[in-house]
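One structure is given here, and the rest of the page talks about it.
Just so we're clear, the structure is a prediction, and the values are computed from it rather than from any experiment. Heavy atoms only: backbone and side chains are in, while hydrogens, waters and symmetry mates are out. Chain letters run A, B, ... following the sequence lines, proteins first, then strands; residues in each count from 1.
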Amino acid sequence: MTVPISWYLLLSAFLFACGVTGFLTKRNVITLFMSIELMLNGVNLSFIAFATRLQTLDGHIFVFFVMVVAAAEAAVGLAIIIAVYRTRETLNVDRVNLLKL
Amino acid sequence: MTNSLFQPWLVPALPLAGMAINGLFGKRFSEKLVAAIALIATGCSFLVACLQALLLVNSGSPMLEQHYGTWIQAGKFTVDFGIYLDHLSLIMMLVVTGVGFLIHIYAAAYMHHEGGYYRFFSYLNLFMFFMLVLVLANNYLLMFVGWEGVGLASYLLIGFYFLKDSAANAGKKAFITNRVGDFGFLIALFMMIQTFGSVHYGSLYFNPGLVNALPLEHSTGILTMIGLLMLVGACGKSAQIPLFVWLPDAMEGPTPVSALIHAATMVTAGVYMVARSNPIFSRAPIALLAVAVIGTLTSFFAATIGMTQMDIKRVLAYSTVSQLGYMFMAAGVAAYSAGVFHLMTHAFFKALLFLAAGSVIHGIGGEQDMRKMGGLRKYMPWTFYTMATATVAIAGIPPLAGFWSKDEILWQAWSSPYGSKIFWAVGVITAFMTSFYMFRLLFMTFFGEYRGEAAVAHAGHDAHGGHGHTPHESPWMMLGPLVVLAALSIFGGFVGAGHRFEHFLDPVIQKVEAHRSALEVEAAAAPMTEEPAAEKSTELALMATSVIVALAGLGLAWFLYIKRPELPARIAAALGGLYTLVYNKYWIDELYKAVLISPLLWISTHVLWQSVDQKIIDGSVNDLAVTARDVSGVVRQQQSGLIRSYAGWIAAGAALVVAYMVWMGTR
Amino acid sequence: MPPSSTDYVRILPEIVLAVWGMAVMFAEPLLGPHTSRKGLGVFAALGCLLALGATVFQAQPAYAGFGFYNMLRVDHFSVFFHCVVILVALSTTLMSLDYLPAHKIDKGEYYALILLGAVGMCLMSSAVELVLIFIALEISSIASYILAGFRRHSAESTESAMKYFLLGSFATAFFLYGVALLFGATGSTNVFRIAEVLNTSAHIEPLAYIAVALIFTGLGFKVACAPFHIWTPDVYEGAPSPVVAFMSTAPKAAAFAVLIRLVIDTASPNWFWVIWVAAVLSMSVGNLGAILQSNIKRMLAYSSIAHAGYLMVAFASASNRELGISAAMFYSAAYAAMNVGAFAVISHMAGSHERFSSIDDYAGLGRRSPALAAALTFFLLSLIGIPITGGFFAKFYVFSAALRTHLIWLTLIGLVNSGMGSYYYLRVIVKMYMNEPRTTAPVPPVRLGVGLAIAISLIATLWLGVWPNAILHYTQGAPTILAGK
Amino acid sequence: MHQFLFIVFAVFCAGGAINLLVQRKTINSALSLIVVMGSLAMIYLLLGAEFVAVVQVIIYAGAIMVLYIFVIMLLNAGDEEASKGSNVAKYFGIPGLFIGGIIGIGVLLKHRPNDTPLKLGALYGPADQVGMLLFTKYLLAFEVTSVLVLIAIMGAVVLARRSDS
């Protein structure tokens, strides 16, 4: 009853791909942002899986830092979203296109 | 002895100082003070240059090189700040400072009461500085600094009357055309660095010299490559086919600028460069041939255009292009000294022509159309006499300066081992045309009846309104330089009589025959020694031909514009399309626009500049037939402003990179 | 074993910047709502100067080497990029002194963000551990996101921040995935260890290829090279001008440093053609895109893409390590100098709400304010690459490096591009000197702050053009000790 | 047992991710993201990463997601507006993603030299060991994160504060 490491990696890649897909297809800014979180979670799983394979705790540490970064990004990102909402009254990314060409 | 006081670096430094003083504080100075500063700077520079020249010639050493510090040091490759003074740069230095000084004097009066007096003189001094850097540099990279610098100064001066759109556009055109040429030069520089690891004249050409060690290239090789690329650069700066379009437009600048930059000095930089690089060109016959062909063609075409122009400065501009073509022809048949000789005499008489033309324009209130001139001989005699001198000189009538140098070129085109009878024939025809259009200019301007009335109304060019209705002679401040230049145009040619000039440049010009195989040398030398008398007689015959041709041009001009003044219009009408073609400068500008500029703008607008077409793309998504258009339209859609599109690009780009990497890695 | 005092010296500039940043942050709420924050700005500038001093101190040979448990490494390379980043931060601070009150965003946090952001950028250049590189990268990015949206009442500015933030985080995720795979493929997060594994092991795990590709994607986004350049024009147009000066140079230089350490220097497999294509694309897209722009900030944004392309040319020639890497370092310094200078002038000209950022607004500047016009002309000439400016020499060095590594086509394409580039820079110069001014309103007088910022950039640009030797030697020292070879 | 648990949580995880994409209401997406994170924490436990699993629940699912939901409520983000999509994303981004994904999976499946079968909790990573590493080898990184957090706090305050005028 064992699980090969590649299974974990496949799951991680799947999560990452879901994140990218979400970023490309969703319209709500907040959902876009959540897609990025999904991507980061996918990456985290890779780290842990590799750490297990390599028998080193470095991967765990990395995940720890990724979480801190994700938290920081979340704080800033949501603040930016609020600022945009205040000037635009919309959360649809397709309407945030004042700057172009 | 004088070394402590009169260092060669003072020559370029003085104009720089003048530029700095006038540029920084000139706004508060009076016109007199501004002019005095500029004149003192260039005058002193000229004096120092003369002194240096005397020292060098008397010392008997072939050259003097001075280092003032290291500019770049990258591994084994170093570039210095330094001055390289040999007989070639000496001549250039004297021409630049001497003619430059005279033109400064002239400009002090000419630009009187123009807006931005101080600006003008600081630009002019800046130009002098860069030109002297170009000429005196001891390596190609420093030469390139001067090269780009003169382009910049020229750009500023052409656009000096910036309120006129045409002036601003002409400046831009000059700058950009020159940039095209500069690539050639730059790539040549890179290749030189790569091949020789040095750009210093000393290490490249002077004993033993990295280039000198190389054999003659009978087919294409690295030297041919470098030579051709340098030629591209020279074509840009010296207004040769196909990059000559900017020079006639450059006439939008003030007349002293045309005289100094676009006739006497900057445009000859290309000739100087070719002469300076003669060891390279002499070892690369193909590049040399290209120089000769381009020079010959340019001289011919520019002369034909010159025959039809009505604007006095434009005639002179095309004449300049044509004469530069002569110099290239000379360089192209390995007669570099003849080219430099013509460069020098041309500087005298062409500067004189421009200054005299400026005096004419000044005297009749800003008119430049020759059809509105005529009969000015009695209003401005001094201008007339000096200009007539210059015309005789450029037409190649002995014993004036132009005759000696032009004759030297034609003789070399005939007799040089690299020469050809074709070059000679085209050169003679061009000489005929030159004589014709120059005398045409003289006759239309100074003979007959004055045709301009209330010319003030047309004070578009040179903005010299308000000078009164009757033509008048210019002040002495302007005539003085004219007289000096006229004297030089008369006597300047004698230094070259009997190949004296050629021998003066001997230390600079390498005889590459020595590097040819022994057999060839013998074959070439054998007839030479056998019949010196025959050669002498050929030379005399050729000389006679060119004199006859020049006189014929004079005669034709006299017949058409004095004897039967109604004829030219009828001839023009009879020639019809051909005349229109030539009059419109062969539609070169239009061709360039159609072939080069429009497509660039088109790509920019339609490919990258996403526009209203978004709908077309969106509407035709399902249509298979337009899928192809869709793909190209995607490039258009790049900057749609949509975050998700941008993310799409990033994802697609990442996928491509991943695919490539994996494909390469696991192959 | 606790870190020694030498270890602390190795992060001295970062410590100084962080302490100063925090001090500014603490001082901010103590000042009243209507007090000018100029004092804080001056204080921040002082911090930058001190950090510069610390960098110089750190540059002594005694302090070269690894520090903090092999987390970072002080060498020529890191010291060089420290200086670039800190000088850019200093100039940005100076030019913001009057910009902020004029735009009614006079907040102390601004200066704190610049200082703390600089901490991240400095660390990026010295870090040799992927964990630290990642965190430093995030510090620099997040600071830039916030700064881009600092004019938070303007729709453009917030939009710019949002685009930058979302796309930036998106790209960071790619970078991070690449890092994870690299960790998995090589078993280490230390750059030197990774280089060793990639270079010596007979069999490279295929995952490493994907990893390098993803890392390149993430860093390519940060340096704005095609095809990951797409965010640049929008973000630069919307962000406040001094911030653009900052983020178009400092984080870019730092990201280039990471790219050199991570992709070029570890001799990652098969990078060459990717860089080659990226260089050609960036140069072409940047220059073509800039031609028709009417907004000067947007135009310079495209131009910055093109310049990233020229830098990539230097990377492509890094098969000759000494030439390529030192050319890239020199170029990033020269680009920083001239671009910061240009944006200093632009931010001075911008007027309230950045009204005057169209190229047409520069018409007749030559007469309205000769000094400003002359300065901008100089910077633009440097961007074109006219001799005696840093831009010329940088380009010259890059292309001669490319040619010496036999990249003839790349050199040709680059030169053609730089010719095309001269057109749109020249358009601004023509506008300034040869067109009638649009308004007769006088240009606001140049205050000390902006003046100093312009002067610093001017001197740096000129110095790099006329006397490049000292810098050149320093950059040439870098590649030989990089990666411990 | 390991296999069974992995499959269960992997299915939860993937299902949550897909649900995030499918849902039109933002709040539902957020909730499915929480599901993903929770099941990921379980998977971490399977791999023996105790500490990380705990942190995942506390910080990710606990703190960050709460922040998300808070903002969603604050801004009244309801249904997703249907607007014209981006063609670039549709025709280049998604295919690109699929190509990239296929390549990635291909590489993973084809080359797995060290694909060691893992036992339950193959690497034991308790909090004390992680902590030791954090405060020795990764000390600098740890300290530097404080700068990061500081910036984030400052940024949030600067950007989201009500206008003072």
Side-chain angles (χ1 to χ4, degrees), chain C residues 1-3 7 10-11 14-15 17-18 21-22 25 28 33 67-72 104-105 107-110 112-113 116-117 119-120 123 127 129 131-136 138-140 142-143 145-147 149-150 152-153 158 161 177 181 184 187 189 203 205-207 209-210 213-214 230, chain D residues 17 47 49 52 64 68 71 75 86 88-89 92-93 96-97 99-116 118 123 130 132-165:
Chain C
M1 186 188 67
D7 280 337
R10 288 188 179 121
I11 56 163
E14 286 88 349
I15 293 177
L17 287 171
M22 282 183 241
M25 192 184 78
E28 158 69 22
F68 267 100
Y69 311 98
N70 290 349
M71 271 283 171
L72 51 74
K104 301 202 172 54
I105 44 172
K107 293 270 173 284
E109 282 97 347
Y110 179 92
L113 280 170
L116 294 179
V119 172
L123 275 177
E129 174 78 29
V131 175
L132 191 57
I133 288 178
F134 172 65
I135 292 171
E138 275 304 298
I139 292 176
S140 110
I142 291 183
Y145 304 151
I146 302 166
L147 286 170
F150 217 82
R152 64 201 177 92
H153 298 302
T158 49
Y177 200 27
L181 294 180
T189 51
H203 176 78
E205 266 211 51
L207 279 183
Y209 299 117
I210 303 183
L214 291 175
I230 197 95
Chain D
L47 286 167
V52 177
I64 300 181
Y68 270 93
V71 173
L75 300 184
S86 152
V88 177
F92 281 80
L97 175 67
I99 292 166
I102 287 164
I103 291 170
I105 291 165
V107 168
L108 267 179
L109 293 180
K110 200 165 157 212
H111 309 268
R112 32 181 192 182
N114 300 332
D115 200 357
T116 38
L118 296 175
L123 170 71
V130 174
M132 274 307 284
L133 215 49
L134 209 52
F135 287 102
T136 52
K137 189 178 170 193
Y138 292 102
L139 177 62
L140 183 61
F142 182 78
E143 295 295 345
V144 167
T145 40
S146 58
V147 173
L148 178 70
V149 174
L150 211 59
I151 287 181
I153 294 168
M154 227 167 10
V157 170
V158 165
L159 291 172
R161 111 181 103 197
R162 284 244 164 253
S163 66
D164 8 42
S165 54

Interchain contact, [X] with chain D, by part (heavy-atom threshold 4.5 Å):
{"X": "C:I210", "result": "side chain"}
{"X": "C:L181", "result": "neither"}
{"X": "C:P3", "result": "side chain"}
{"X": "C:L72", "result": "side chain"}
{"X": "C:T189", "result": "side chain"}
{"X": "C:I11", "result": "side chain"}
{"X": "C:E129", "result": "side chain"}

### Query
With sequence neighbours left out, what residues match C:E14 under side-chain hydrogen bond (donor to acceptor under 3.5 Å, both in side chains)?
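Checked C:E14 against side-chain hydrogen bond (donor to acceptor under 3.5 Å, both in side chains); matches are C:H82.
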
### Task
May I ask you to name which of C:E138, C:E28, C:E109, C:M22 has the most heavy-atom pairs under 4.5 Å with chain D?
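Among the listed options, the one with the most contacts to chain D is C:E109.
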
Tell me the closest heavy-atom pair linking [X] and [Y], and the distance in Å.
{"X": "C:G117", "Y": "C:A143", "answer": "CA-CB, 3.7 Å"}
{"X": "D:I151", "Y": "C:I146", "answer": "O-CD1, 3.6 Å"}
{"X": "D:V158", "Y": "C:F150", "answer": "CG1-CE1, 3.5 Å"}
{"X": "C:V119", "Y": "C:A18", "answer": "CG2-N, 3.6 Å"}
{"X": "C:A136", "Y": "C:G120", "answer": "CB-O, 3.3 Å"}

### Message
What part of D:L139 gets within 4.5 angstrom of chain C, counting heavy atoms only: side chain, backbone, both, or neither?
### Response
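Side chain only.
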
### Query
Considering only heavy atoms, which portion of D:Y138 lies under 4.5 Å from any heavy atom of chain C: side chain, backbone, both, or neither?
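Both parts, heavy atoms under 4.5 Å.
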
### Task
Please lay out, stage by stage, how C:Y110 and C:L113 fare under the test side chain to side chain contact (heavy atoms under 4.5 Å, CB included).
CA-CA 5 Å; C:Y110 179 92; C:L113 280 170; 5.9 Å; no

